[in-house]
Colleague: 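Quick one: the structure is below, and I'll ask about it shortly.
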Amino acid sequence: MVSAISLQSAVAVAGRFPVLAGVDLNLDEGTVCAVLGANGAGKTSLLRLLAGLTALERGAGSVLGADLTKNTSGLRANVGFMGHGVGLYEELLPRENLAFMIKAARLDPSGIPDALDRVGIRGRVAATPVGQLSAGQQRRVVLALLVARRPRLWLLDEPHASLDAQARDLVGSVLEEAAAGGATVVATSHEPDIVIPLADVVVTMAGGVVTERYAGGRMGSSDVS
Amino acid sequence: MFRDAALVAGRDLRIELRSRVVLWQVLPFSVLALLLFAFAFGPSQARLVQSAPGLFWLALLFSTVLFAQRSRALEGSPATREAARLLGLDPAGVFLGKTVALFLELVVLEVLLVVGLLLLFHVVVVSWLVLIAACLLAALGLASASVLYGALSGEARIRSTLLPVLLLPILAPVLIAGVRSFQAAIKDGAGLSGRWLGVLAVFSLVYTGLGIALYGPLEEN
């Protein structure tokens, strides 16, 4: 199996505060990893490090073959990120947001209508500026962007937040499709009952380090680390 | 770089056309400023004609600060800016795209202000070529400096007060060269327009070059 993520004693700081205090994590490509932990455990910081948005202060790390101690700008094009914030232009329609981001990533925009339809953004909702949509609808648009971009690495920060039951099922099926297509998925969550069944690997974080690792409930998973 | 510039310029202009903040807030402010200047200088035609170039450029510079803040605000929330960083856009292309969008908006403003100049200040233009050249060169310099200093000015909560303090002193050469160019272009004006148009051209080139080189590192930090 090809390594997608390899972190050894990874340390990252925010100002002078160590948000990651020596993380060890190894994931193969195509793995779905759930990251659990209390507020302030370092879950979001881990995702930002993996996306190349936060610098690796000490330790070693590589993501999709890119060395995190060097310039990570080349890594970003292979990463899809769903953070706490919406990350969309409020005045633009869902289709216009996706069109800008897909073209910026130098991808084919012809898949945008299917991606929006896949996440249930249709009709009147699709013709409404993103800023006027509900929080759940906005997160569906972000999910559509990931579906359209098909990145090699999916990083999702509490993807089920603000979503109703139907939308939560949708997230699960989209993540399953992504993993089946060979993408690596790392998702943080405060809802273990929802996310563990979707995952091959579950890690728990506390104090900026990984404290526990065990197999998830995804069919066919057999994490032996 | 140019492909990304076209994409970003299109995005900024589409957002602006959809929100109409420039149309309903910034442009009216600019015209209002010129109108108030005209009232302040009284009905004396001679005084109005003499002061017209300076007041035009003052109205333009103060309006540029509003345009600069609006241009920066178009980048969206911190989450949106991070999402854009993950797209792999060339920072120089982003800078150029925002500069082009802001340049076009400033040209529209300059047209309005020139019309105001003709109607309120009773200015007679002798050389339209000099006037148009001054406006276009200045718009490019103002746009590039505004986008660059917008990136330098930081987050929204301090940008509203910090950006004017940073930007206005930098724009002083545009004010001086613009006024001199306009004086050469209108009746009863004087001066060698070529030298001052050269100052505007150099200013534009310098800040466009600085922006291409520095926008990326400023955004990363």
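Reminder, nothing fancy here: chain letters follow the sequence lines and each chain counts from 1. What you are looking at is a predicted structure, and each value in this text was computed from that prediction instead of being measured.
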Colleague: With chain B, which of A:Val86, A:Leu88, A:Val79 has the greatest number of heavy-atom pairs at distances under 4.5 Å?
Modeller: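 Looking at each of A:Val86, A:Leu88, A:Val79 in turn, A:Leu88 comes out on top.
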Colleague: Between B:Glu16 and chain A, with a heavy-atom cut-off of 4.5 Å, which part of the residue counts as in contact: side chain, backbone, both or neither?
Modeller: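 Nothing of B:Glu16, per the 4.5 Å heavy-atom cut-off to chain A.
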Colleague: Just give me the residue among A:His84, A:Glu90, A:Arg48 that pairs up with chain B most often, heavy atom to heavy atom, under 4.5 Å.
Modeller: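 Between A:His84, A:Glu90, A:Arg48, the count favours A:Arg48.
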Colleague: Please flag which part of B:Ala83 lies under 4.5 Å from any non-hydrogen atom of chain A: side chain, backbone, both or neither.
Modeller: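 Side chain only.
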Colleague: Which answer fits A:Arg106, side chain, backbone, both or neither, if we ask what part of it has an atom under 4.5 Å from a heavy atom of chain B?
Modeller: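 For A:Arg106, the contact with chain B is made by backbone and side chain together.
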Colleague: Can you tell whether the side chains of A:Glu96 and B:Arg18 come within less than 4.0 Å, N to carboxylate O?
Modeller: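 Looking at B:Arg18 together with A:Glu96, the answer is yes, because their closest N to O distance falls below 4.0 Å.
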Colleague: Specify which of B:Asp4, B:Leu74, B:Val8 makes the most heavy-atom pairs with chain A at under 4.5 Å.
Modeller: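 Among B:Asp4, B:Leu74, B:Val8, the one with the most close pairs to chain A is B:Asp4.
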Colleague: Is A:Leu93 close to chain B through its backbone or its side chain, or both, or neither, when contacts mean heavy atoms under 4.5 Å?
Modeller: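 For A:Leu93, backbone and side chain are both near chain B.
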Colleague: Distance from A:Met101 atom CE to B:Arg11 atom CZ, nearest 0.5 Å?
Modeller: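 If I round to the nearest 0.5 Å, the distance is 8.5 Å.
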Colleague: If you count heavy-atom pairs under 4.5 Å between each of A:Leu92, A:Ile102, A:Leu107 and chain B, which one has the most?
Modeller: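 Looking at each of A:Leu92, A:Ile102, A:Leu107 in turn, A:Leu92 comes out on top.
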Colleague: Identify which of A:Gly87, A:Gly85, A:Gly52 forms the greatest number of heavy-atom pairs closer than 4.5 Å to chain B.
Modeller: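 Of A:Gly87, A:Gly85, A:Gly52, A:Gly87 has the most heavy-atom pairs under 4.5 Å with chain B.
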Colleague: Find the distance between CG (A:Leu53) and CG (B:Leu86) and round it off to the nearest 0.5 Å.
Modeller: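 It is 4.5 Å, given to the nearest 0.5 Å.
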